[in-house]
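Read the numbers this way: they start at 1 and go in the same order the structure lists the ligands and their atoms.
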Amino acid sequence: MTEQSFAGLPATSIRDLKEHDGQRVLVQGWLYNMRSKGKLHFLMVRDGTGIVQAVMFKGNVDEAVFEQAKGLTQESSIRVLGTVKLDERAPGGVELGVDEMHIVHQAGEYPISPKEHGAHFLLERRHLWLRSKKQSAIMRIRDEAIRAIRDFFHERGFFCVDSPMFTPAACEGTTTLFELDYFDEQKAYLTQSGQLYGEASAMALGKIYVFGPTFRAEKSKTRRHLTEFWMVEPEAAYYDLDDVMTLAEDFVSHIVRRVLENRRAELDDLERDVSKLEPAANAPFPRITYDEAVKLLHENGHEDFPYGEDFGAPHETAIGAAYDRPVMVHRWPADIKAFYMKRDPENDKLALGVDMIASEGYGEIIGGAQREDDLEALETRIAEHELPAESFEWFTDLRRYGSVPHGGFGLGLERTLAWICGVEHLRECIPFPRMLHRIYP
Ligand code: 4AD
Ligand code: MG
């Protein structure tokens with residue numbers, strides 16, 4: 001791929017250097033790292049697509065250039081011109097033999113060095129931390145996942161219909177709502193989920209997905225929670241719970257497959273053990289009921305887990321550890337699930353909800369359900385949950401005019417990425433994380 005040019009030569013992305021063996025190319029980027037040995041400078045140059053070792057031999061460049069290179073600081077922006085040489089031992093499989101270099105900007109002393117820094121130090125400098133090898137690898141995997149998500153739905157005839165960010169009511173309980181003043185005397189809330197609007201859109205278009213940021217005032221500090229995160233939420237008319245689960249496993253295996261196919265180098269940069277990820281590239285995934293999951297917990301070191309409660313992080317970890325790929329837990333006690341879930345016709349105490357739990361301790365990545373499509377039942381639930389009926393008039397209309405069985409789910413993008421990338425904390429999976437006590441930079 002070529003974009004800009006300099007000195008008559010088009011720029012080549014480091015990612016594409018392999019296709020230019022023996023050719024003279026221009027690389028435009030930043031100095032990641034450097035070491036020198038006698039008449040050689042080894043410049044590690046990054047351009048956002050990868051890192052290449054550029055070898056500058058004293059005899060191949062102007063003397064002044066060789067001297068200039070000595071004083072280069074980390075993150076100085078440079079243009080290097082030279083010849084590509086395939087070399088299996090070099091990082092990325094290629095090396096650049098430099099014959100010309102131009103300094104675009106000599107960077108000031110860079111605050112982030114290759115040595116270890118604490119999380120607080122790095123988060124305060126997220127705008128710079130993003131340049132590091134692992135962080136930029138995560139961002140390229142995020143980009144790949146987003147493309148895979150959109151391709152998956154478009155290939156299956158789902159329309160993208162986005163939901164509003166300002167909403168008059170809660171979707172996922174009132175404890176995590178961000179409230180704000182919406183002009184005169186009206187309160188608004190930042191959306192916790194686009195689902196309710198997704199349901200309306202599915203009644204208009206059949207199969208849709210919502211993809212955007214969602215907000216939750218999570219007041220606990222955990223590695224699995226952000227206050228702003230991205231959710232992708234398919235919703236489809238005439239889908240029952242089984243259809244929802246089949247869609248979910250096809251979807252997640254598709255994302256994993258695409259990342260494994262196109263982002264191997266990045267997974268290597270992250271030192272991800274891909275053998276642990278590979279089973280998830282293939283659907284189907286195991287499906288167990290909530291009752292079976294509780295039994296599994298009781299038999300695996302959590303004998304005191306009380307039936308009827310929601311799973312905490314240690315419980316999700318134990319359930320996930322029982323399988324080599326994500327597992328779907330369905331048919332939950334209705335009391336601990338959202339107002340909109342349909343009850344199991346076989347057992348009124350159960351809701352037709354499903355959570356997908358990732359392996360390796362990453363916990364829940366998907367929450368979904370078949371929706372309550374009966375007007376009277378839905379109105380009863382709204383009252384039971386003490387939700388303001390006026391704000392849900394429009395939502396109950398969907399059960400007045402051509403109600404159909406339907407369902408969908410929400411996948412948390414950053415949770416999914418943390419698992420795929422094998423990084424411990426969600427905050428590294430979004431460019432600029434928002435958490436309790438963190439809104440800078
Ligand atoms: O399980 P949740 O709350 O489900 C819903 O919001 C449904 N309305 C979705 C739907 O059916 N359309 O959230 C869905 C997913 C979770 O499984 C998790 O992956 C992610 O969103 N999630 C979070 N990710 C990061 N930080 C948080 N605070 C999150 N809360 C939920
Ligand atoms: Mg959930």
Side-chain angles (χ1 to χ4, degrees), residues 145 149 153 158 161-163 167 169-178 189-202 207-236 239 241 243-245 247-248 251-252 255 290 310-313 315-316 320 326-330 332 336-342 351-358 362-372 395 406-420 423 425-430 433-436 438:
I149 286 166
F153 288 120
F158 285 67
V161 184
D162 292 312
S163 290
T167 61
C171 177
E172 294 298 326
T174 48
T175 53
T176 61
L177 278 177
F178 275 112
Y189 308 97
L190 292 180
T191 185
Q192 298 165 304
S193 157
Q195 177 197 323
L196 306 185
Y197 298 93
E199 288 187 43
S201 305
K207 294 193 289 183
I208 65 94
Y209 72 100
V210 179
F211 193 11
T214 47
F215 308 88
R216 296 199 190 176
E218 302 279 2
K219 286 165 201 103
S220 56
K221 233 179 122 179
T222 84
R223 64 189 182 90
R224 289 182 184 174
H225 290 93
L226 297 165
T227 55
E228 178 179 322
F229 61 98
W230 281 64
M231 214 197 303
V232 52
E233 301 180 83
E235 190 72 31
Y239 266 42
L241 182 65
D243 297 323
V244 169
M245 291 198 276
L247 184 71
F251 179 52
V252 171
I255 299 172
Y290 172 88
D310 202 356
F311 301 136
H315 309 119
E316 287 180 359
V327 51
M328 290 185 277
V329 180
H330 60 92
W332 291 70
I336 55 167
K337 284 291 182 192
F339 75 96
Y340 52 71
M341 291 191 187
K342 193 174 179 64
L352 294 178
V354 56
D355 278 10
M356 185 186 286
I357 297 174
Y362 285 92
E364 178 198 329
I365 54 172
I366 280 183
Q370 183 174 337
R371 320 304 187 188
E372 183 52 75
F395 186 62
H406 64 287
F409 61 80
L411 170 132
L413 180 63
E414 291 78 16
R415 290 255 184 107
T416 307
L417 287 169
W419 162 59
I420 290 177
V423 305
H425 205 299
L426 251 56
R427 64 192 174 204
E428 293 183 39
C429 296
I430 187 161
R434 298 290 174 246
M435 297 174 284
L436 183 71
R438 163 99 20 226

K.L.:
Quick check against the 3.5 Å criterion: does K219 have a side-chain atom that pairs as donor or acceptor with the backbone of T175?
P.N.:
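Judged by distance alone, yes, a pair lies under 3.5 Å.
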K.L.:
Which heavy atom of V354 sits nearest to which heavy atom of W332, and what is that distance?
P.N.:
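Between these two residues, the closest heavy atoms are CA-NE1, 4.1 Å.
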K.L.:
Backbone N or O of R224 within a donor-acceptor pair of the T222 side chain at under 3.5 Å?
P.N.:
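Checking the backbone N and O of R224 against the side chain of T222, a donor-acceptor pair under 3.5 Å is found.
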K.L.:
Calculate, to the nearest 0.5 Å, the distance between atoms OG1 and CG belonging to T227 and L436 respectively.
P.N.:
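Going from the OG1 atom of T227 to the CG atom of L436 covers 8.0 Å.
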K.L.:
Is the ring pair F311/Y290 parallel, tilted or perpendicular, if the boundaries are 30 and 60 degrees?
P.N.:
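Aromatic pair F311/Y290 classed parallel.
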K.L.:
Give a yes-or-no answer on whether the side chains of Y340 and E199 include a donor-acceptor pair shorter than 3.5 Å.
P.N.:
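The criterion, which ignores hydrogens and geometry beyond distance, is not satisfied for E199 and Y340.
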K.L.:
Can you name the closest pair of heavy atoms from V244 and Y239 and give their distance?
P.N.:
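The pair with the smallest heavy-atom distance is N-CD2, 4.1 Å.
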K.L.:
Can you tell me which residues line ligand 1 if we count any heavy atom under 4.0 angstrom from one of its atoms, in chain and number order?
P.N.:
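The answer is E172, S193, Q195, R216, E218, R224, H225, L226, F229, M231, E233, Y340, E364, I365, I366, G367, G368, R371, G408, F409, G410, G412, R415, L426, counting any residue whose heavy atom sits under 4.0 Å from ligand 1.
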K.L.:
Hey, do the aromatic rings of F215 and Y189 have their centres closer than 6.0 Å?
P.N.:
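No, ring centres 6.0 Å or more apart.
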K.L.:
With a cut-off of 2.8 Å, which protein N/O/S atoms are close to the Mg ion (ligand 2), if we only count those under it?
P.N.:
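N, O, S partners closer than 2.8 Å: E364 OE2.
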K.L.:
Could you tell me if S193 and E233 have a donor-acceptor pair between their side chains, going purely by distance under 3.5 Å?
P.N.:
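The answer is yes; a qualifying pair exists.
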